[in-house]
2 protein chains.
Amino acid sequence: MSSAPGWANVNERRNLPPALAVSTVILGIREGQDGGPDKLCLPLVRRIRQPHAGLWALPGGPVDARESLGQAAGRNLAETTGLRPSYLEQLYTFGDIDRSPTHRLVTIAYFALLNADQVGATVQDENVAWFDIDDPSIAQLAFDHRKIVDYALWRLRNKTEYGQIAHRLLGERFTLAALRGVYEAILGRRLDPANFRRTLKNTATIEETDEYLAGGQHRPPRLYRYVGHGPDPLEVDPTQA
Amino acid sequence: MSSAPGWANVNERRNLPPALAVSTVILGIREGQDGGPDKLCLPLVRRIRQPHAGLWALPGGPVDARESLGQAAGRNLAETTGLRPSYLEQLYTFGDIDRSPTHRLVTIAYFALLNADQVGATVQDENVAWFDIDDPSIAQLAFDHRKIVDYALWRLRNKTEYGQIAHRLLGERFTLAALRGVYEAILGRRLDPANFRRTLKNTATIEETDEYLAGGQHRPPRLYRYVGHGPDPLEVDPTQA
DNA sequence: GATACTTAATGTCAGAATGACTCTAACGAA
DNA sequence: TTCGTTAGAGTCATTCTGACATTAAGTATC
């Protein structure tokens with residue numbers, strides 16, 4: 001939305017058809033500092049034009065007439081942040097009349113997940129930065145984007161099938177401890193390692209490999225793999241977008 | 001969408017900004033015939049203009065620049081069917097490039113529930129009719145509306161908090177048997193009456209009244225009331241819409 | 001009025017799932 | 001070799017769940 005051509009810069013509200021945009025809440029996982037719990041984090045872009053110039057905002061932009069909504073989300077994401085997430089899901093469409101001070105704007109919000117490798121490989125500059133989800137400096141965002149972020153977190157916490165989501169935040173293979181860290185970051189509380197292991201072993205969407213993670217300080221943990229079933233009926237395939 | 005003014009009737013795809021519309025899947029409950037289970041049903045409108053003239057479609061229409069999306073859904077609903085549902089929730093936004101043969105159309109789908117009284121008071125005419133959810137004559141609908149209906153049903157079945165939804169499909173007070181009928185219609189299977197009673201009594205969002213339903217054939221059942229808590233973060237208040 | 005029939009409502013019991021906890025295994029560091 | 005830490009398995013009491021039996025309370029029929 002920071003680089004949004006094609007929208008009339010009207011300072012007066014007119015009876016024009018609503019402009020259509022997409023914005024994406026991108027969530028990744030960051031390892032906890034000195035023994036602390038893992039944390040969810042997200043990249044934001046700084047707005048370089050009015051309205052709300054200088055404020056942090058969700059990456060996004062207008063919907064082109066020749067692309068689907070999911071494609072628009074993926075394209076805007078790549079253009080503004082260089083990221084290509086492994087998971088993309090439509091979140092909600094925000095269309096209150098006065099959510100933008102300059103024009104009537106309907107935004108289709110998307111929800112993306114990045115695995116640890118992708119988070120580490122992200123370039124940050126003056127206008128793109130990562131924030132912890134509870135960083136007080138992003139308590140206020142441009143437009144109603146703070147509301148959108150809160151809704152994304154609410155949706156994430158209320159997912160019934162965590163396996164799929166957790167594995168998108170990690171790589172292809174992962175330890176049970178790493179997976180537990182993801183769960184703890186999402187739920188915001190510690191989980192019993194033994195019970196967590198037991199329940200996941202019964203879940204059947206996670207299977208053990210013959211590999212172990214070497215190089216750690218202690219007993220090397222076994223690596224596991226996600227063997228998920230089909231997606232939700234309307235989940236976006238980001239490889240097409 | 002059957003009475004949709006304001007859209008250019010272009011037969012050729014042009015690079016215009018996408019048109020914005022709302023459509024609503026309205027679900028109600030209908031008592032089962034001769035001992036059979038209750039059934040979910042929905043009203044559809046017949047399209048009277050191209051494209052897809054003559055086919056059944058979801059009620060809906062364009063979004064006016066001076067109304068919010070929820071308001072647009074409620075207004076279009078009242079205009080096309082005369083219904084004012086007690087529950088309205090945004091479902092999903094459909095924006096594939098070729099979902100309409102004549103123009104680029106982005107539709108924000110809503111999901112509404114009617115209680116039994118409202119279903120009974122509905123007028124049907126040549127262009128508005130109710131169908132059982134499994135009626136084979138609505139296997140095909142205009143545009144991608146069949147996909148939208150299927151997604152609404154999927155969402156309904158995957159709701160974690162049924163209490164709220166169930167009570168919107170019934171009146172203010174209801175028997176546990178009626179509530180069980182709603183659950184059975186949604187889930188598509190019979191439930192054990194005794195176990196159903198036990199789990200609901202532990203749910204705490206349903207409390208018993210001192211009244212009983214008289215006039216039945218057998219022992220009169222106690223009436224219950226829903227004492228739900230706050231709504232989802234983004235649930236639409238249809239009294240404002 | 002007695003009996004049968006149907007539904008309402010409660011109770012019982014075994015198996016599954018869950019939370020708190022203990023114990024052993026396997027590595028690196030000292 | 002010993003210690004500290006994490007991996008991983010096991011125990012036990014409690015709760016939840018499905019299947020089923022039992023009693024209560026009304027109407028319909030004879």
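When reading the values below, keep in mind they use all heavy atoms of this one structure, side chains included, and skip hydrogens, waters and symmetry mates. Every chain is numbered from 1 and lettered A, B, ... according to where its sequence line falls, protein lines coming before strand lines.
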task = Check whether any side-chain nitrogen or oxygen of A:Gln217 sits under 4.0 Å from OP1 or OP2 of C:dA29, and answer yes or no.
result =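 For C:dA29, OP1/OP2 do have a side-chain N/O of A:Gln217 under 4.0 Å.
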Closest heavy-atom contact between [X] and [Y]?
X        : Y        : answer
A:Ile29  : A:Leu169 : CG2-O, 3.6 Å
B:Leu113 : B:Gln118 : O-OE1, 4.5 Å
B:Arg30  : B:Trp130 : NH2-CB, 3.4 Å

query = Got A:Phe143 and A:Phe94 here, is their nearest side-chain heavy-atom distance under 4.5 Å?
reply =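 No - every pair of side-chain heavy atoms lies 4.5 Å or more apart.
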inquiry  = I want to check something: taking the side chain as every heavy atom from C-beta on, are A:Thr24 and A:Leu88 in contact at a cut-off of under 4.5 Å?
reply    =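 A side-chain contact under 4.5 Å exists here.
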key: Terminal helix-axis angle for the helix from C:dG1-D:dC30 to C:dA30-D:dT1, with five pairs defining each axis and rounding to 10 degrees   =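 One end's axis against the other's: 10°.
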ask   = Around atom CD of A:Glu31, are there more than 12 heavy atoms of other residues, nucleotides or ligands at under 6.0 Å?
value =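 No, because the 6.0 Å sphere around CD of A:Glu31 holds 12 heavy atoms or fewer from other groups.
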request  = Kindly check if the number of other-residue, nucleotide or ligand heavy atoms within 6.0 Å of CD (A:Glu207) is above 12?
outcome  =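 Counting neighbours around CD of A:Glu207, more than 12 heavy atoms of other residues, nucleotides or ligands fall under 6.0 Å, so yes.
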task = Mark up nucleotides 9-17 of chain C, 5' to 3', with B wherever a protein heavy atom is under 4.0 angstrom from a base atom, S wherever such an atom reaches only the sugar-phosphate, and - elsewhere.
result = BBBB-----
query = Taking N and O atoms by type only, does the side chain of B:His218 place a donor or acceptor under 3.5 Å from a partner on the base of C:dT6?
reply =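 Side chain to base: pair present.
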query = If you look only at pairs with a residue in residues 169-183 of chain A, which of them pass as a side chain to side chain donor-acceptor pair (under 3.5 Å), with sequence neighbours excluded?
reply =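 The answer is A:Arg173-A:Glu211, A:Arg180-A:Glu184.
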inquiry  = Rounded to whole Å, please give me the gap between CZ in A:Arg190 and C1' in C:dC21.
reply    =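 Taking atom C1' of C:dC21 as the reference, CZ of A:Arg190 is at 18 Å.
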